[in-house]
Undergrad: 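Before I ask anything, here is the structure I am working with.
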Amino acid sequence: MTLDEIRGFKNHAPFHPFEIVLVDGHVFKVPHPDFIFVPPGRGTWIYVADPKGHVEHINTVVISSVRLAKPSSRRKKAG
């Protein structure tokens with residue numbers, strides 16, 4: 001997975017939540033572009049925050065895939 005491919009998911013307009021899957025099966029959810037930092041240039045690290053503000057440093061070498069997040073099963077009740 002390249003930084004340019006990850007930037008494509010982050011910068012897509014309109015934004016769609018996505019997930020980063022590591023080779024060990026760990027999944028990082030990116031619900032909004034503010035939750036991920038992809039440094040400029042050709043580095044190999046990205047930074048993903050969770051809703052509590054904890055940041056994970058992820059080397060792109062261990063990313064197996066990036067995929068659109070599954071739609072939330074939460075639905076607003078009518079009325």
Side-chain angles (χ1 to χ4, degrees):
M1 184 58 51
T2 68
L3 289 179
D4 286 337
E5 292 170 310
I6 296 168
R7 283 186 191 103
F9 276 88
K10 179 185 184 219
N11 298 327
H12 189 272
F15 178 81
H16 297 288
F18 63 95
E19 299 173 337
I20 297 169
V21 183
L22 304 186
V23 294
D24 67 0
H26 196 113
V27 177
F28 293 92
K29 296 180 183 205
V30 182
H32 186 275
D34 289 347
F35 285 76
I36 186 169
F37 175 65
V38 182
R42 293 276 175 218
T44 58
W45 293 89
I46 62 170
Y47 308 89
V48 179
D50 67 16
K52 294 181 181 180
H54 300 110
V55 177
E56 290 285 342
H57 306 255
I58 303 168
N59 190 314
T60 57
V61 173
V62 298
I63 297 175
S64 66
S65 66
V66 178
R67 62 186 181 207
L68 292 176
K70 296 175 184 173
S72 175
S73 60
R74 301 168 113 190
R75 290 187 178 174
K76 291 183 179 181
K77 294 182 179 181

Undergrad: Starting at NZ of Lys10, measure out to CZ of Phe35 and round the result to the nearest 0.5 Å.
TA: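 Between Lys10 NZ and Phe35 CZ, I get 12.5 Å after rounding to 0.5 Å.
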Undergrad: If you define the side chain from C-beta out and look only at heavy atoms, does anything of Leu22 sit under 4.5 Å from Ile58?
TA: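 Yes, close enough: below the 4.5 Å cut-off.
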Undergrad: Taking the six-membered ring for Trp, are His16 and Phe18 closer than 6.0 Å centroid to centroid?
TA: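 That pair fails the under 6.0 Å test.
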Undergrad: So which atom in Lys29 and which in Glu19 form the shortest heavy-atom distance, rounded to 0.1 Å?
TA: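 Taking every non-hydrogen atom into account, CE-OE2, 3.8 Å.
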Undergrad: Could you tell me if the side chain of Ile20 sits less than 4.5 Å from the side chain of Ile46, heavy atoms only?
TA: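 Yes, their side chains come closer than 4.5 Å.
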Undergrad: Counting C-beta onward and ignoring hydrogens, is there a side-chain heavy-atom pair between Val48 and Val30 closer than 4.5 Å?
TA: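 Val48 reaches Val30 side chain to side chain.
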Undergrad: Is there a path of hydrophobic side-chain contacts, each under 4.5 Å between heavy atoms of I/L/V/M/F/W/Y residues, joining Ile63 to Val23?
TA: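 Same hydrophobic cluster.
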Undergrad: Does the side chain of Arg42 come within less than 4.5 Å of Asp4's, by heavy atoms?
TA: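 Side-chain contact under 4.5 Å: yes.
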Undergrad: I want to check something: taking the side chain as every heavy atom from C-beta on, are Phe9 and Leu68 in contact at a cut-off of under 4.5 Å?
TA: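 Yes; the side chains approach each other to less than 4.5 Å.
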Undergrad: Do any N or O atoms from the side chain of Arg7 and from the backbone of Pro39 form a donor-acceptor pair under 3.5 angstrom?
TA: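 Indeed, once roles are kept as given, a pair shorter than 3.5 Å links the two residues.
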Undergrad: Using atom types as modelled and distance alone, determine if a side-chain donor or acceptor of Thr60 lies under 3.5 Å from a backbone N or O of Trp45.
TA: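 A pair under 3.5 Å: no.
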Undergrad: Could you tell me the separation between the OG atom of Ser65 and the CD atom of Glu5, rounded to the nearest 0.5 Å?
TA: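 Reported to 0.5 Å precision, the distance equals 11.0 Å.
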Undergrad: Determine the minimum heavy-atom distance between Phe15 and Pro31, stating which atoms define it.
TA: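 What the structure gives for the nearest pair is CE2-O, 3.4 Å.
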Undergrad: So Ile6 and Val66, do their side chains get closer than 4.5 Å, heavy atoms only?
TA: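 Yes, their side chains come closer than 4.5 Å.
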Undergrad: Answer yes or no: is there a donor N or O on one side and an acceptor on the other, between the side chain of Asn59 and the main chain of Val62, under 3.5 Å?
TA: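 Between the backbone of Val62 and the side chain of Asn59 there is no qualifying donor-acceptor contact (under 3.5 Å).
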Undergrad: Can you label the angle between the His57 ring and the Tyr47 ring as parallel, tilted or perpendicular, going by 30° and 60°?
TA: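 It falls in the perpendicular class, over 60°.
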